[in-house]
Amino acid sequence: QVQLVESGGGLVQAGGSLRLSCAVSGHTFSMYVMGWFRQAPGKEREFVATNSWSGANAYYADSVKGRFTISRDNAKNTVYLQMNSLKPEDTAVYYCAASNSRVPVDRRSDYDYWGQGTQVTVSS
(Lines give C-alpha, C1' and ligand atoms only; values in the text may rest on other atoms or scores of the structure.)
Protein backbone atom coordinates (compact mmCIF):
# COMPACT_ATOMS: atom_id res chain seq x y z
CA GLN A 1 0.00 0.00 0.00
CA VAL A 2 1.61 3.24 -1.18
CA GLN A 3 0.86 6.28 0.93
CA LEU A 4 1.58 9.93 0.15
CA VAL A 5 1.31 12.62 2.81
CA GLU A 6 1.65 16.30 1.91
CA SER A 7 2.60 19.06 4.30
CA GLY A 8 3.72 22.67 4.23
CA GLY A 9 0.60 24.42 3.01
CA GLY A 10 -0.72 27.59 4.61
CA LEU A 11 -1.62 31.23 4.21
CA VAL A 12 0.90 33.57 2.61
CA GLN A 13 0.83 37.05 1.15
CA ALA A 14 1.29 37.64 -2.55
CA GLY A 15 4.96 37.64 -3.43
CA GLY A 16 5.80 35.24 -0.63
CA SER A 17 7.10 31.69 -0.66
CA LEU A 18 6.11 28.27 0.61
CA ARG A 19 7.70 24.86 0.37
CA LEU A 20 5.46 21.82 0.14
CA SER A 21 6.69 18.36 1.06
CA CYS A 22 5.29 14.96 0.20
CA ALA A 23 6.48 11.91 2.09
CA VAL A 24 6.00 8.57 0.36
CA SER A 25 5.86 5.19 2.06
CA GLY A 26 4.99 1.64 1.15
CA HIS A 27 7.15 1.08 -1.91
CA THR A 28 10.47 1.96 -3.49
CA PHE A 29 10.19 5.73 -3.85
CA SER A 30 12.97 6.04 -6.40
CA MET A 31 10.97 3.92 -8.88
CA TYR A 32 8.20 6.50 -9.19
CA VAL A 33 7.84 9.55 -11.31
CA MET A 34 6.45 12.19 -8.95
CA GLY A 35 4.15 15.05 -9.74
CA TRP A 36 2.30 17.95 -8.18
CA PHE A 37 -1.22 18.98 -9.15
CA ARG A 38 -3.57 21.60 -7.79
CA GLN A 39 -7.29 22.21 -7.66
CA ALA A 40 -8.89 25.59 -7.10
CA PRO A 41 -12.54 25.89 -6.03
CA GLY A 42 -14.86 25.18 -8.93
CA LYS A 43 -12.03 24.17 -11.24
CA GLU A 44 -10.56 20.96 -12.54
CA ARG A 45 -7.43 19.51 -10.97
CA GLU A 46 -4.50 20.71 -13.05
CA PHE A 47 -0.90 19.74 -13.56
CA VAL A 48 1.76 21.83 -11.85
CA ALA A 49 5.10 20.01 -12.05
CA THR A 50 6.74 16.62 -12.45
CA ASN A 51 10.21 15.17 -12.33
CA SER A 52 11.98 11.99 -13.30
CA TRP A 53 13.16 9.14 -11.09
CA SER A 54 16.54 10.76 -10.60
CA GLY A 55 15.16 14.27 -10.37
CA ALA A 56 17.42 15.34 -13.23
CA ASN A 57 14.52 16.21 -15.54
CA ALA A 58 11.67 18.45 -14.47
CA TYR A 59 8.69 19.89 -16.31
CA TYR A 60 6.28 22.63 -15.33
CA ALA A 61 2.97 24.14 -16.26
CA ASP A 62 3.44 27.46 -18.04
CA SER A 63 1.61 29.23 -15.24
CA VAL A 64 4.30 28.33 -12.67
CA LYS A 65 7.42 28.12 -14.81
CA GLY A 66 10.21 30.22 -13.34
CA ARG A 67 8.48 30.52 -9.96
CA PHE A 68 8.07 26.91 -8.77
CA THR A 69 10.73 24.22 -8.44
CA ILE A 70 10.12 20.50 -7.97
CA SER A 71 12.83 18.42 -6.37
CA ARG A 72 13.16 15.06 -4.66
CA ASP A 73 15.32 13.35 -2.10
CA ASN A 74 15.24 9.63 -2.78
CA ALA A 75 17.08 8.88 0.45
CA LYS A 76 14.24 10.52 2.40
CA ASN A 77 11.42 9.26 0.15
CA THR A 78 10.24 12.84 -0.20
CA VAL A 79 9.36 15.18 -3.05
CA TYR A 80 9.23 18.94 -2.64
CA LEU A 81 7.62 21.89 -4.35
CA GLN A 82 9.30 25.21 -3.72
CA MET A 83 6.88 28.00 -4.58
CA ASN A 84 8.20 31.54 -4.92
CA SER A 85 6.60 34.80 -6.04
CA LEU A 86 3.19 33.43 -5.14
CA LYS A 87 0.10 35.00 -6.65
CA PRO A 88 -3.53 34.93 -5.50
CA GLU A 89 -4.32 32.71 -8.50
CA ASP A 90 -2.02 30.05 -7.02
CA THR A 91 -4.59 29.51 -4.28
CA ALA A 92 -5.67 25.87 -4.41
CA VAL A 93 -5.42 22.50 -2.75
CA TYR A 94 -2.11 21.01 -3.82
CA TYR A 95 -1.75 17.27 -4.33
CA CYS A 96 1.31 15.14 -4.84
CA ALA A 97 1.05 12.01 -6.93
CA ALA A 98 3.18 9.02 -7.89
CA SER A 99 3.28 7.37 -11.28
CA ASN A 100 4.60 4.02 -12.50
CA SER A 101 5.49 5.74 -15.76
CA ARG A 102 9.09 5.49 -16.98
CA VAL A 103 9.11 9.13 -18.02
CA PRO A 104 7.71 12.32 -16.46
CA VAL A 105 4.03 12.75 -17.28
CA ASP A 106 1.51 15.56 -16.88
CA ARG A 107 -1.89 13.85 -17.16
CA ARG A 108 -3.91 12.98 -14.10
CA SER A 109 -4.71 9.59 -15.60
CA ASP A 110 -1.01 8.69 -15.69
CA TYR A 111 -0.71 8.84 -11.91
CA ASP A 112 -1.44 5.82 -9.77
CA TYR A 113 -1.31 7.13 -6.20
CA TRP A 114 -2.41 10.41 -4.67
CA GLY A 115 -2.02 12.26 -1.41
CA GLN A 116 -4.86 13.87 0.49
CA GLY A 117 -3.86 17.42 -0.45
CA THR A 118 -2.70 20.50 1.40
CA GLN A 119 -4.31 23.93 1.19
CA VAL A 120 -2.34 26.90 -0.11
CA THR A 121 -3.95 30.31 0.18
CA VAL A 122 -2.32 33.43 -1.24
CA SER A 123 -3.76 36.74 -0.12
CA SER A 124 -3.52 39.91 -2.20
Side-chain angles (χ1 to χ4, degrees):
Q1 184 74 10
V2 178
Q3 292 186 322
L4 292 75
V5 179
E6 301 98 335
S7 60
L11 173 64
V12 64
Q13 288 189 331
S17 298
L18 282 175
R19 188 176 83 153
L20 305 183
S21 300
C22 174
V24 181
S25 61
H27 207 273
T28 306
F29 174 73
S30 61
M31 297 296 292
Y32 291 112
V33 162
M34 298 300 298
W36 287 95
F37 289 73
R38 67 185 181 186
Q39 188 167 16
K43 294 188 177 181
E44 295 286 321
R45 192 173 300 187
E46 64 176 5
F47 167 75
V48 174
T50 180
N51 68 359
S52 57
W53 295 348
S54 67
N57 299 303
Y59 302 91
Y60 300 91
D62 288 342
S63 58
V64 307
K65 203 171 293 182
R67 299 187 299 122
F68 290 11
T69 302
I70 186 172
S71 62
R72 62 193 293 165
D73 185 336
N74 287 344
K76 295 183 178 179
N77 291 355
T78 301
V79 63
Y80 305 96
L81 186 68
Q82 178 67 43
M83 305 185 295
N84 299 329
S85 302
L86 282 161
K87 305 175 181 180
E89 51 264 44
D90 295 318
T91 295
V93 177
Y94 282 72
Y95 299 88
C96 72
S99 171
N100 288 306
S101 171
R102 295 187 177 186
V103 296
V105 287
D106 61 4
R107 296 181 304 181
R108 288 178 57 186
S109 58
D110 288 322
Y111 286 82
D112 302 284
Y113 306 99
W114 292 83
Q116 83 289 348
T118 185
Q119 177 70 47
V120 171
T121 303
V122 184
S123 63
S124 57

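Positions are given from 1 along the sequence. Just so it is clear, the structure is predicted and the values come from calculations on it, not from any experiment.
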Do Asn84 and Ser17 get their side chains close enough for a donor-acceptor pair, meaning under 3.5 Å?
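There is such a pair (donor and acceptor under 3.5 Å, judged by atom type) between the side chains of Asn84 and Ser17.
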Which residue pairs satisfy the disulfide (SG to SG under 2.5 Å) criterion with at least one member in residues 82-124, sequence neighbours excluded?
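Output for this query lists Cys22-Cys96.
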Can you list every pair that meets disulfide (SG to SG under 2.5 Å) and has a residue in residues 38-67, with sequence neighbours left out?
none
Give, for atom CZ of Arg102 and atom OG of Ser52, the distance between the pair rounded to the nearest 0.5 Å.
14.5 Å
Does any part of the side chain of [Y], heavy atoms only, come nearer than 4.5 Å to the side chain of [X], both counted from C-beta?
X	Y	result
Val103	Trp53	no
Thr91	Val120	no
Arg108	Phe47	no
Val79	Ile70	yes

Which salt bridge (Lys or Arg N to Asp or Glu O under 4.0 Å) pairs, counting each pair once, include a residue from residues 17-38, with sequence neighbours left out?
Arg38-Glu46, Arg38-Asp90
Considering only residues two or more places apart or on different chains, which pairs with a residue in residues 68-84 satisfy salt bridge (Lys or Arg N to Asp or Glu O under 4.0 Å)?
none
For Phe68 and Tyr94, take the angle between the two ring planes, folded into 0 to 90°, and tell me which bin it lands in: parallel under 30, tilted 30 to 60, perpendicular over 60.
tilted
Who passes ring pair (Phe, Tyr, Trp, His ring centres under 6.0 Å) against Tyr60, sequence neighbours left out?
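Once residues adjacent in sequence are excluded, Tyr60 has no partner under the ring pair (Phe, Tyr, Trp, His ring centres under 6.0 Å) criterion.
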Test ring pair (Phe, Tyr, Trp, His ring centres under 6.0 Å) applied to Tyr32 - qualifying residues, sequence neighbours left out
His27, Tyr113
Let me see the working for Thr69 and Leu81 under side-chain contact (heavy atoms from CB on, under 4.5 Å), right down to the final yes or no.
CA-CA 6 Å; Thr69 302; Leu81 186 68; over 6 Å; no
